[in-house]
*Asks:* 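Please find one structure pasted underneath; my questions will follow.
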Amino acid sequence: PEGELRLVCIARASPEKGIPEGIRFLRDAGLGKGVTLDIYGTRQNVAYLQSCEEMARQVAGAHISFHGELEPALISGVLSEAHFFYLATWGENYGHAIIEALLHGVPVIISDRTPWKNLYDASAGWSLPLDTSAFTAVLRQAASLNGTAYAALCAGAFSYGSGHALNPAALEASQRLFALHGGGQEDV
């Protein structure tokens, strides 16, 4: 529904994942009530997580929750409840949670410090510079989408994710990577 925005972040609770930045961007977007952000991930640094939770309490009207580690069998259900996957990461080599969201037809709002590019052109979401104005503008836009525009993003996300997941060159590269690290192709 227009004015409602359900975001999910699945990432380790560590500085490189950009959790404080994501919270700050959400705060600065000033969306107020109707916004939820559910953060799932391994709690590696208690002091860091506590500072993130304190920041979250300062976002007026939004409901931000930290859930801890998410079992793989529950990922699909969590993604199905979200409108967007949200990650203001400082860098990803791949971003398994990002492709998982895309394959579930969940559009993404992520930083441009991942290999996932041209998301906007593919109607799959946004890959943004770690910049307040870029993120706040997109968060406002996402919150104001109507059902038709949002459905197009979901279809684009699935199409983009499937195109990458089923790409023969990408599959071959993954098999080579696993083979280099001690597993043969039979283990892939």
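Keep in mind that what you see is a predicted model, and the values were worked out from it rather than measured.
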*Asks:* Mind checking whether C154 and P107 have side chains closer than 4.5 Å, heavy atoms only?
*Replies:* yes

*Asks:* So, S14 and E16: side-chain donor and acceptor under 3.5 Å apart, yes or no?
*Replies:* yes

*Asks:* Evaluate side chain to side chain donor-acceptor pair (under 3.5 Å) for E54 paired with Q58, printing each intermediate quantity in order.
*Replies:* CA-CA 7 Å; E54 178 58 33; Q58 297 171 17; 3.1 Å; yes

*Asks:* Using the side chain to side chain contact (heavy atoms under 4.5 Å, CB included) rule, pick out the option among T89, L87, I99, N93 that qualifies with T114.
*Replies:* T89

*Asks:* Take the angle between the ring planes of F84 and W126 and call it parallel below 30°, perpendicular above 60°, tilted in between.
*Replies:*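 Tilted, since the angle between the ring planes falls between 30° and 60°.
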
*Asks:* With rounding to the nearest 0.5 angstrom, report the OH to CG distance, Y86 to L26.
*Replies:*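 The distance works out to 5.5 Å.
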
*Asks:* Throw together a table of side-chain donor-acceptor distances under 3.5 angstrom for residues 59-67, partners on residues two or more places apart or in other chains.
*Replies:*
{"unit_1": "H63", "atom_1": "NE2", "unit_2": "S65", "atom_2": "OG", "d": "3.1"}
{"unit_1": "H67", "atom_1": "NE2", "unit_2": "D38", "atom_2": "OD1", "d": "2.7"}

*Asks:* Would a single hydrophobic cluster contain both I110 and L145, if residues Ile, Leu, Val, Met, Phe, Trp and Tyr are joined by side-chain heavy-atom contacts under 4.5 Å?
*Replies:* no

*Asks:* Can any side-chain N or O of R140 pair as donor or acceptor with the backbone N or O of A29 at less than 3.5 Å?
*Replies:* yes

*Asks:* Does CZ in F158 sit with more than 12 non-hydrogen atoms of other residues, nucleotides or ligands closer than 6.0 Å?
*Replies:* no

*Asks:* Kindly indicate, with the supporting measurements, whether the criterion side chain to side chain contact (heavy atoms under 4.5 Å, CB included) is fulfilled by Y40 and E69.
*Replies:* CA-CA 6 Å; Y40 294 88; E69 196 164 340; over 6 Å; no

*Asks:* Hydrophobic clusters here meaning ILVMFWY residues chained together by side-chain heavy-atom distances under 4.5 Å, can you tell me if V35 and I39 are in one?
*Replies:* yes

*Asks:* Just checking, is any N or O donor in the side chain of E92 or W116 under 3.5 Å from an acceptor N or O on the other one?
*Replies:* no

*Asks:* With a 3.5 Å distance limit and no angle check, can you tell me whether S162 reaches the backbone of S159 through a side-chain donor-acceptor pair?
*Replies:*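 Not at all, since once roles are kept as given, no pair shorter than 3.5 Å links the two residues.
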
*Asks:* Taking side chain to side chain contact (heavy atoms under 4.5 Å, CB included) as the definition, give me every residue that meets it alongside A155, ordered by chain and number, with sequence neighbours left out.
*Replies:* none

*Asks:* For a quick check under 3.5 Å, do H104 and S80 share a side-chain donor-acceptor pair by atom type?
*Replies:* no

*Asks:* Are I19 and L37 co-members of a hydrophobic cluster defined by side-chain heavy atoms under 4.5 Å apart?
*Replies:* yes

*Asks:* To the nearest 0.5 Å, tell me how far K17 NZ sits from C9 SG.
*Replies:*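 Here the rounded value is 9.0 Å.
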
*Asks:* Is it possible for you to say whether V108 and V138 belong to one hydrophobic cluster, with membership spreading through side-chain heavy-atom contacts below 4.5 Å?
*Replies:*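 Per the 4.5 Å side-chain linkage, V108 and V138 are not co-clustered.
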
*Asks:* Got more than 12 heavy atoms from elsewhere within 6.0 Å of CG, D121?
*Replies:* yes

*Asks:* Can E21 and R24 be counted as an ion pair, charged N to O under 4.0 angstrom?
*Replies:* no

